[in-house]
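Before any comments, here is the structure.
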Amino acid sequence: MNTELVVASVSGAVAPGSAGSKLCLPHSWNDRARISCHDLNRAYALRSTLHVVADYLGQVELLRGEVQFLDLGNREDSRTVVRHLTAISNVLNSDGYDDPHFRVFRSNQRALGELVISDGNDRCLGYAEFCRRLDTDPDFAAWFEPLSDGIRELASWTRPHSGLVRLQIALMDLIDFLDPDSDRFPDHRRSRLSLL
């Protein structure tokens, strides 16, 4: 298992940021001149968040294809990784929160992961290709629309979302297990949000 790829993907998933109301970034400098910096930042935050979540789900899907061969040195470590991945999937899938935003059901988690695996089936789409597909492939973009809508809605919230707090905690638990010596993900970025 390539823990560096998983840690890199997961570390992006817990990066702070806010999402915005625009899905499409402008494609030329003239377009950018007409859009405020605030709108560009919001559009970037939305697309970046979508990509990071999709990349994580893609990495999990790639790992799923190799899970029968997953060996981290001993069986217990391999089982622990599977438990962490299951915990993250459970949080994303949960309908126990007071709203449905940022909920991704299990089959959709797999579908989003499958969609971002490149044609070579050995890596996930980079950010530029992901954005290009959002802009040019309506079927691809449609799969991400519910998540995009949820991100837009949550960006306007003034209180913490319990599901996102639980997701961040579950992701940090996985990072702590995969990178216990902080080689790939520094300590100063490992703080956990708290459930109020």
Side-chain angles (χ1 to χ4, degrees), residues 4-62 88-89 91-93 99-105 107-158 160-161 163-168 170-172 174-175 184-185 189 193:
E4 189 165 327
L5 284 178
V6 174
V7 171
S9 180
V10 171
S11 66
V14 297
S18 63
S21 60
K22 291 186 181 254
L23 182 57
C24 297
L25 284 176
H27 296 286
S28 72
W29 182 253
N30 290 336
D31 290 338
R32 288 184 184 150
R34 287 184 236 132
I35 297 175
S36 74
C37 182
H38 177 74
D39 286 343
L40 282 175
N41 289 339
R42 290 173 61 89
Y44 167 75
L46 172 62
R47 288 185 145 210
S48 176
T49 301
L50 281 173
H51 178 255
V52 167
V53 171
D55 186 65
Y56 169 78
L57 294 172
Q59 295 295 339
V60 170
E61 202 57 32
L62 288 169
I88 293 164
S89 179
V91 171
L92 285 170
N93 183 63
D99 71 274
H101 300 99
F102 217 83
R103 180 185 312 147
V104 185
F105 293 116
S107 293
N108 285 0
Q109 290 175 37
R110 294 205 57 199
L112 295 178
E114 291 167 3
L115 285 167
V116 297
I117 295 173
S118 68
D119 291 336
N121 290 328
D122 60 348
R123 64 180 182 84
C124 293
L125 299 176
Y127 181 68
E129 179 63 15
F130 178 80
C131 291
R132 186 193 68 73
R133 297 243 349 242
L134 281 177
D135 290 338
T136 62
D137 185 342
D139 292 333
F140 180 85
W143 279 98
F144 291 93
E145 199 59 39
L147 185 57
S148 177
D149 291 344
I151 292 168
R152 279 190 205 99
E153 177 64 28
L154 290 172
S156 67
W157 281 34
T158 57
H161 183 273
L164 289 181
V165 172
R166 290 180 200 283
L167 177 61
Q168 192 264 356
L171 288 166
M172 292 309 303
L174 176 61
I175 288 171
R184 295 174 185 91
F185 197 68
R189 296 195 59 209
L193 301 173

## Note on the structure
One should read off an interatomic distance between L147 CG and L112 CG, to the nearest 0.5 angstrom, of 7.0 Å
### Task
Could you tell me whether a side-chain N or O of H51 sits under 3.5 Å from a main-chain N or O of L125, the two making a donor and an acceptor?
yes
### Query
Does some side-chain heavy atom of V52 sit less than 4.5 Å from a side-chain heavy atom of F130?
no
### Query
Does V116 reach the side chain of F144, with side-chain heavy atoms less than 4.5 Å apart?
yes
### Query
Just wondering, do Q168 and L171 contact through their side chains at under 4.5 Å, heavy atoms?
no
### Message
So Y127 and D55, do their side chains get closer than 4.5 Å, heavy atoms only?
### Response
no
### Task
Find the distance between CZ (F185) and CG (L174) and round it off to the nearest 0.5 Å.
11.0 Å
### Task
Calculate, to the nearest 0.5 Å, the distance between atoms CG and CD belonging to L115 and E61 respectively.
10.0 Å
### Task
To the nearest 0.5 Å, tell me how far I175 CD1 sits from R189 CZ.
8.5 Å
### Query
Which residues satisfy the side chain to side chain contact (heavy atoms under 4.5 Å, CB included) test with R132, sequence neighbours excluded?
E129, T136
### Query
Just by modelled atom types, is the L92 backbone N or O under 3.5 Å from a matching donor or acceptor in the Q109 side chain?
no
### Query
Would you say the side chain of L62 lies within less than 4.5 Å of the side chain of D122, judging by non-hydrogen atoms?
no
### Query
Can you name the residues that form a side chain to side chain contact (heavy atoms under 4.5 Å, CB included) with V60, not counting sequence neighbours?
Y56, L85
### Message
Within this structure, what is the CD-CZ distance for the pair Q59 and R123, rounded to the nearest 0.5 Å?
### Response
11.0 Å
